[in-house]
Amino acid sequence: MMIPVFLGEQVPSETLTATLAELDVNLQVLEDKFLQDKAFLIGPRISLADLVAVTEVMHPVGGGCPVFEGRPKLAAWYHRVEAAVGKDLFREAHEVILKAKDSPPADLISKQKLMPRVLAMIQ
């Protein structure tokens, strides 16, 4: 969803609605099937699985989606991952993602190069 925004294009409302619904389902699966009642995804200590998963979760966060709202278990896991990595390092690692929604659209040349691929992905 970030690519069309980066290119300065509107995402069709039905595409956005479907994507947000799919995100909600996937977040529920992450909580119910993987996190369950554990501190981290595969046990009591942070693992590569947590680092990969939190990076994926940060993409919609970077787009302004409140993924942790109404999800206290997921929010607590996020804070545990952030604490285990170190808050400063965590923020540095996700800096580009978190600033994505505030970035200006791509320049015309980049947009012309990327547009055919992007349109093929979102249609």
Side-chain angles (χ1 to χ4, degrees):
M1 295 311 299
M2 295 301 294
I3 294 172
V5 174
F6 171 71
L7 294 175
E9 299 295 317
Q10 291 285 5
V11 177
S13 63
E14 58 275 357
T15 301
L16 182 59
T17 299
T19 301
L20 292 175
E22 185 178 344
L23 174 62
D24 188 56
V25 168
N26 289 328
L27 292 173
Q28 195 64 50
V29 168
L30 181 63
E31 286 183 306
D32 295 345
K33 302 291 184 192
F34 294 97
L35 188 56
Q36 300 170 347
D37 292 322
K38 300 179 296 240
F40 295 100
L41 293 176
I42 61 169
R45 287 180 268 179
I46 193 168
S47 69
L48 181 59
D50 296 288
L51 299 176
V52 171
V54 81
T55 299
E56 291 301 316
V57 171
M58 294 306 291
H59 283 101
V61 170
C65 186
V67 299
F68 303 110
E69 191 173 287
R71 295 185 176 279
K73 184 190 291 188
L74 194 64
W77 166 76
Y78 162 81
H79 290 296
R80 285 189 297 272
V81 171
E82 183 183 53
V85 170
K87 193 169 189 166
D88 291 339
L89 181 58
F90 187 91
R91 293 290 171 189
E92 181 182 337
H94 296 98
E95 184 176 14
V96 172
I97 294 170
L98 294 172
K99 291 182 177 180
K101 70 180 181 302
D102 301 324
S103 298
D107 62 85
L108 184 59
I109 294 170
S110 297
K111 185 175 178 178
Q112 288 173 340
K113 288 180 180 178
L114 292 172
M115 187 57 72
R117 291 180 184 165
V118 171
L119 291 175
M121 286 190 314
I122 64 173
Q123 293 178 348

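Numbers here simply count residues along the sequence, with the first being 1.
The NE2 atom of His79 lies 8.0 Å from the NZ atom of Lys87; values are rounded to the nearest 0.5 Å. To the nearest 0.5 Å, atoms CE (Met58) and CD (Glu82) are separated by 8.0 Å. In this structure, CD1 in Ile46 is found 5.0 Å from CZ in Phe40, a value given to the nearest 0.5 Å. Interatomic distance, Ile42 CD1 to Gln36 CD, rounded to the nearest 0.5 Å: 12.5 Å.
A side chain to side chain contact (heavy atoms under 4.5 Å, CB included) with Cys65 is found for one member of Val57, Thr19, Leu23 and no other, namely Leu23.
Closest non-hydrogen pair, Pro44 versus Ala39, comes out as O-CB, 4.3 Å. Shown here for Leu74 and Val67, the closest heavy-atom pair between the two residues is CD2-O, 4.1 Å.
Note on Leu51 and Leu89: same hydrophobic cluster, where clusters join Ile, Leu, Val, Met, Phe, Trp and Tyr whose side-chain heavy atoms are under 4.5 Å apart, directly or indirectly. No continuous path of ILVMFWY side-chain contacts below 4.5 Å connects Tyr78 to Val52, so the two sit in separate hydrophobic clusters.
Ion pairing between Arg71 and Asp24 holds under the 4.0 Å rule for side-chain N and carboxylate O.
Using a 4.5 Å heavy-atom cutoff, the side chains of Lys73 and Leu30 are not in contact.
Phe90 CZ: more than 12 foreign heavy atoms inside a 6.0 Å radius.
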